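Following this message is one structure expressed as structure tokens.
Predicted model only: the values in this text are computed from it and were never measured.
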Amino acid sequence: MTEQRHDRFERGTDGPKVIVAGIDGSESSMRAAAYAAGLARRQNAMLALVYVQPLMTAGAALGAPVADTTEEVAEGLVHDIRTATERLKDIWNVRWEFHTFRGDPYNGLVTAADDLKADAVVVGASESAGHRFIGSVAVRLVKAGRWPVTVVP
């Protein structure tokens, strides 16, 4: 017979402390952010919203200023998030941070989740048909098996 160890009860330490939500401005990523915000509110966790700025796009090959464009997207996302937070501040109280990384979305989210010591990752379902062949960011995160991953349609 094994002896059970009775440790001191800890109040409020179950559940995630940091939830990372990947956003890119798409409808599914914004739904994922809203879902993650609800989780963070209920768990009293920090919500880390992460936008990964792509390094190379089709526009870059044609000479478009990609860094400026992705900075504008990041600034627009921060503005949208702040506006929504301000609108809901009397209803919800969610602690959140916004982080940007450069690179491909999968590696950026992995870096963010590792750096922020995430307990969970929430992403939107891919809206790209090409992901059937090369795999979506969500599928790659799930296969990595490092955090619980929630994929929001």
Side-chain angles (χ1 to χ4, degrees), residues 2-57 70-153:
T2 61
E3 183 179 318
Q4 285 189 346
R5 194 172 154 204
H6 294 283
D7 289 328
R8 195 179 77 171
F9 177 75
E10 297 179 60
R11 181 181 300 273
T13 57
D14 291 338
K17 300 255 188 279
V18 177
I19 299 170
V20 167
I23 58 173
D24 62 8
S26 67
E27 284 187 39
S28 67
S29 78
M30 298 314 273
R31 284 191 299 270
Y35 181 84
L39 288 175
R41 179 185 58 82
R42 287 187 296 279
Q43 297 289 336
N44 195 29
M46 171 63 68
L47 173 62
L49 299 165
V50 177
Y51 170 61
V52 181
Q53 299 179 31
L55 293 176
M56 180 71 171
T57 64
T70 59
E71 271 309 313
E72 288 174 19
V73 171
E75 289 172 14
L77 289 170
V78 169
H79 179 267
D80 292 347
I81 294 162
R82 284 201 174 113
T83 301
T85 303
E86 188 64 29
R87 209 173 47 238
L88 298 172
K89 74 177 181 181
D90 295 329
I91 301 169
W92 283 14
N93 186 16
V94 177
R95 295 177 299 130
W96 64 277
E97 302 172 344
F98 183 77
H99 301 270
T100 62
F101 292 85
R102 290 193 185 271
D104 74 274
Y106 170 76
N107 286 322
L109 286 171
V110 166
T111 299
D114 284 343
D115 290 355
L116 299 168
K117 297 183 179 13
D119 297 301
V121 177
V122 180
V123 292
S126 173
E127 296 179 355
S128 170
H131 288 154
R132 288 188 206 122
F133 302 107
I134 59 172
S136 70
V137 171
V139 169
R140 293 172 67 194
L141 288 167
V142 170
K143 286 183 177 181
R146 294 167 64 183
W147 320 269
V149 177
T150 302
V151 182
V152 177

Q. Under the salt bridge (Lys or Arg N to Asp or Glu O under 4.0 Å) rule, what pairs show up with a residue in residues 116-126, not counting sequence neighbours?
A. none
Q: Taking all heavy atoms of Ala45 and all of Pro16, pick out the closest pair and write down the distance.
A: CB-O, 3.3 Å
Q) Is the backbone N or O of Gly38 less than 3.5 Å from a side-chain atom of Arg42, with the two atoms forming a donor-acceptor pair by type? A) yes
Q. Which heavy atom of Ala120 sits nearest a heavy atom of Trp147, and at what distance?
A. CA-CB, 4.5 Å
(Q) For Val20, run the side chain to side chain contact (heavy atoms under 4.5 Å, CB included) check against Leu116, Val110, Val122, Leu47 and tell me which one passes. (A) Leu116
Q: Answer yes or no: is there a side-chain heavy-atom contact under 4.5 Å between Glu97 and Met46?
A: yes
Q: Just jot down the side-chain contact (heavy atoms from CB on, under 4.5 Å) partners of Ala138, sequence neighbours excluded, or say none.
A: Val123, Ser136, Val151
Q) Can you list the residues that meet the side-chain contact (heavy atoms from CB on, under 4.5 Å) rule with Asn44, with sequence neighbours excluded? A) Arg95
Q.
Quick check: closest heavy atoms across Pro105 and Val137, and the distance to 0.1 Å?
A. CB-CG2, 3.7 Å
Q: Quick one: list whatever passes salt bridge (Lys or Arg N to Asp or Glu O under 4.0 Å) with Asp104, sequence neighbours left out.
A: none
Q | Contacts of Thr100 that satisfy side-chain contact (heavy atoms from CB on, under 4.5 Å) - sequence neighbours left out | A | Tyr51, Gln53, Ala74, Phe98
Q) Which residues pass the side-chain contact (heavy atoms from CB on, under 4.5 Å) test with Val142, sequence neighbours left out? A) Val149
Q) Heavy atoms, side chains only, cut-off 4.5 Å: are Val50 and Leu109 in contact? A) yes
Q) Considering residues at least two apart in sequence or located in another chain, which fulfil the side chain to side chain donor-acceptor pair (under 3.5 Å) criterion with Arg31? A) none
Q. Shortest non-hydrogen contact from Gly22 to Ser29?
A. O-CB, 3.8 Å
Q) Given Arg146, which of Asp114, Leu141, Val121 fulfils the side chain to side chain contact (heavy atoms under 4.5 Å, CB included) condition? A) Asp114
Q: Would you please name every residue forming a side chain to side chain donor-acceptor pair (under 3.5 Å) with Asp115, sequence neighbours left out?
A: none
Q. If every non-hydrogen atom of Gly124 is compared with every non-hydrogen atom of Ala32, which pair is closest and at what distance?
A. N-CB, 3.5 Å
Q | Closest non-hydrogen atom pair, Ala144 against Tyr106 | A | CB-OH, 3.7 Å
Q) Looking at CG of Leu49 and NE2 of His99, how far apart are the two atoms once the value is rounded to the nearest 0.5 Å? A) 8.5 Å
